[in-house]
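Worksheet: one structure, shown below.
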Amino acid sequence: MKIGIVCYPTYGGSGVVATELGKALADKGHQVHFITYKQPFRLDSFHENIFYHEVNFSNYPLFDYPPYETALASKIVDIAEYEQLELLHVHYAIPHASAAYLAKQILKEKGYHLPFITTLHGTDITLVGKDETFVPVVTFSINKSDGITTVSQSLKDTTYEHFDIRKDIEVIPNFIDFSRFKKLDKDHFRKVIASNGEKIIMHTSNFRKVKRVDDVVRVFCKIRQEMPAKLLLVGDGPERQNIEKMSRQVCHQDDVHFLGKQDAIEELLAISDLFILPSETESFGLAALEAMACQVPVISSNTGGLPEINIYGETGFLSPVGDVDDMAANAIRILENEETLAAFKERAFKQAQRFSLDRIMPLYEAYYIRVLEQASATA
Ligand code: GMT
């Protein structure tokens with residue numbers, strides 16, 4: 001199959017999922033064409049079945065807001081015709097779904113049929129999409145998609161709740177590539193960070209308000225009162241400076257490490273004992289699943305799709321959003337006893353296996369075939 005994939009190429013879950021899916025499809029012999037404004041950061045090596053097409057546009061002084069959507073739609077038209085794409089898969093509705101619809105209509109005028117699937121990832125629905133400004137276009141372009149998927153049941157429910165969607169939505173959860181995310185032996189590294197055997201707590205995110213990284217620091221302070229521990233904060237974003245300031249006031253500076261953006265997350269997870277994800281909303285929580293794949297239990301908020309991956313009392317614990325006392329108490333429950341910790345680690349790993357790439361990728365392939373059949377029947 002010849003598939004076009006549109007996604008955000010930078011750091012962020014939706015771009016990671018789109019890129020890893022494209023790579024897996026290419027491994028299975030499909031020809032995959034990424035269409036984005038920058039090379040996706042996980043597209044880091046040559047593959048005979050993967051092609052990258054950059055969306056570029058000249059920055060004419062009249063454009064206070066560069067018309068990316070128009071440039072993207074034009075690029076899709078060009079690549080679809082030239083490469084004879086059979087299907088387009090766009091990740092994150094805004095503005096990819098409306099650009100895909102526009103491209104489809106232009107191609108239709110030329111007698112070319114290009115069905116498209118929209119995968120909703122979370123903030124395109126929960127935060128940005130619900131902004132009144134976007135509602136008409138998001139609703140229209142989701143309804144015009146030939147196939148719609150969400151990454152969790154929770155996101156499917158939220159989409160129906162907040163948008164007037166008249167089509168079926170397929171839930172296809174995010175996945176883990178176990179050839180990359182596995183327990184690695186990094187004991188030497190652990191000794192550098194926690195030379196006195198301290199427990200290592202980790203959080204990774206894009207440091208946006210929705211991630212509530214300040215709660216991570218508060219929970220850590222409470223854990224630190226009970227046992228020696230270190231906190232690794234991985235990632236960068238708008239809230240980082242505030243969090244750094246706050247942590248200097250409330251924690252001992254040697255205990256909290258701000259590591260910035262890191263590519264080799266699996267190496268840091270290899271030395272971690274606990275992962276904290278206290279987000280306000282989280283449609284899936286890929287970061288938590290990556291932790292579990294590396295045998296790290298998760299303390300999370302009880303929101304969005306998180307209960308679909310983090311199982312209470314088995315792979316970690318879930319607390320109401322903002323309840324740092326409960327999160328800290330649960331963290332201590334897991335960490336204070338080595339046997340308990342080992343049992344949580346093992347169960348976290350087992351649960352992550354349910355989301356292996358080998359299990360989830362065929363769901364996408366089967367869905368592609370179904371959508372293509374339906375679309376050609378109605379074309
Ligand atoms: O806000 C983010 O965390 C980034 C965002 C994205 O689209 O890059 O993540 C969303 O999609 C991820 C991949 O499907 C999910 O794992 C995240 O839960 C989701 N983020 C939120 O819902 C806040």
Side-chain angles (χ1 to χ4, degrees), residues 5-22 24 36-38 40-42 89-97 117-131 134 138 142 148-159 161-162 169-177 181 203-213 215-216 233-240 261 265 275-293 298 300-310 318 321-322 352 355 357 360-361 363-364:
I5 292 186
V6 175
C7 64
Y8 280 103
T10 47
Y11 277 79
S14 63
V16 168
V17 170
T19 312
E20 295 299 341
L21 175 63
T36 68
Y37 59 84
K38 208 171 165 189
F41 82 100
R42 288 246 182 125
H89 187 174
V90 304
H91 292 258
Y92 209 89
I94 303 167
H96 302 151
I117 292 174
T118 301
T119 289
L120 305 171
H121 278 272
T123 45
D124 43 356
I125 292 300
T126 54
L127 294 181
V128 193
K130 275 190 281 177
D131 179 337
F134 295 111
V138 174
I142 293 176
I148 310 159
T149 77
T150 56
V151 296
S152 64
Q153 180 61 42
S154 151
L155 185 60
K156 175 177 173 172
D157 298 341
T158 311
T159 306
E161 205 177 306
H162 294 286
I169 296 179
E170 183 87 356
V171 178
I172 304 184
N174 288 333
F175 49 81
I176 281 288
D177 179 359
F181 286 95
H203 166 83
T204 167
S205 74
N206 48 22
F207 280 63
R208 284 189 285 145
K209 267 204 158 39
V210 68
K211 300 293 176 182
R212 299 184 67 102
V213 187
D215 282 359
V216 177
L233 290 168
V234 183
D236 211 335
E239 285 300 300
R240 172 156 171 196
K261 286 180 182 171
I265 295 291
F275 190 83
I276 306 184
L277 194 63
S279 312
E280 185 86 35
T281 73
E282 200 69 68
S283 68
F284 184 84
L286 187 57
L289 187 61
E290 290 175 346
M292 285 156 61
V298 172
S300 72
S301 46
N302 190 6
T303 183
L306 283 169
E308 293 171 47
I309 55 171
N310 187 19
L318 303 95
V321 172
F355 298 88
L357 177 63
I360 307 298
M361 211 272 285
L363 303 181
Y364 272 113

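In each ligand, atom 1 is the first atom listed, and ligand 1 is the first ligand listed.
Here the CG-CD distance, from Leu289 to Glu308, works out to 12.0 Å after rounding to the nearest 0.5 Å. To the nearest 0.5 angstrom, Ile148 atom CD1 is 10.0 Å from Thr119 atom OG1.
Close contacts of ligand 1 with Asn174, meaning ligand atoms under 4.0 Å from a residue heavy atom, involve 13 (C), 14 (O), 16 (O). The Tyr92 neighbourhood of ligand 1 comprises atoms 7 (O), with distances under 4.0 Å to a heavy atom of that residue. Close approach to Leu286 involves these atoms of ligand 1, each under 4.0 Å from a residue heavy atom: 16 (O). Atom numbering of ligand 1 starts at 1 in the shown order; those under 4.0 Å from a heavy atom of Ser283 are 15 (C), 17 (C), 18 (O), 19 (C), 21 (C), 22 (O). Distances below 4.0 Å separate heavy atoms of Ser14 from the following atoms of ligand 1: 6 (C), 7 (O), 8 (O), 13 (C). Taking every non-hydrogen atom of Thr281 and a distance limit under 4.0 Å, the qualifying atoms of ligand 1 come out as 23 (C). Distances below 4.0 Å separate heavy atoms of Arg208 from the following atoms of ligand 1: 1 (O), 2 (C), 3 (O), 4 (C).
Looking at Thr123 and Tyr92, their side chains come closer than 4.5 Å, going by heavy atoms from C-beta outward.
The shortest heavy-atom distance from Gly285 to ligand 1 is under 4.0 Å. Proximity of Lys211 to ligand 1 is established by a heavy-atom distance of less than 4.0 Å.
A donor-acceptor pair under 3.5 Å links the side-chain atoms of Lys156 to the main chain of Ile169, judged by distance alone. Judged by distance alone, with hydrogens and angles left aside, the side-chain atoms of Ser301 form no donor-acceptor pair with the main-chain N or O of Thr303 at under 3.5 Å. The closest donor-acceptor contact from the side chain of Asp215 to the backbone of Val213 lies at 3.5 Å or more, if one exists at all. With hydrogens and angles ignored, the 3.5 Å screen pairs a side-chain donor or acceptor of Asn310 with a backbone N or O of Val298.
Looking at Val16 against ligand 1, nothing comes within 4.0 Å, counting heavy atoms. Only the side chain of Asn206 comes within 4.0 Å of ligand 1, judged by heavy-atom distances. With a 4.0 Å heavy-atom cut-off, ligand 1 is reached by the side chain of Val151 but not by its N, CA, C or O. Here Tyr8 has no heavy atoms under 4.0 Å from ligand 1, in either its backbone or its side chain.
For Phe355 and Phe175, the distance between ring centers is not under 6.0 angstrom. For an aromatic pair to be called close, the ring centres must be under 6.0 Å apart, and His89 with Tyr364 satisfies this.
For ligand 1, one of its N or O atoms has an N or O atom of Glu282 under 3.5 Å away. Between Phe284 and ligand 1, an N or O atom pair is found at a separation short of 3.5 Å.
Checked by atom type, the side-chain pair His96/His91 shows no donor-acceptor distance below 3.5 Å.
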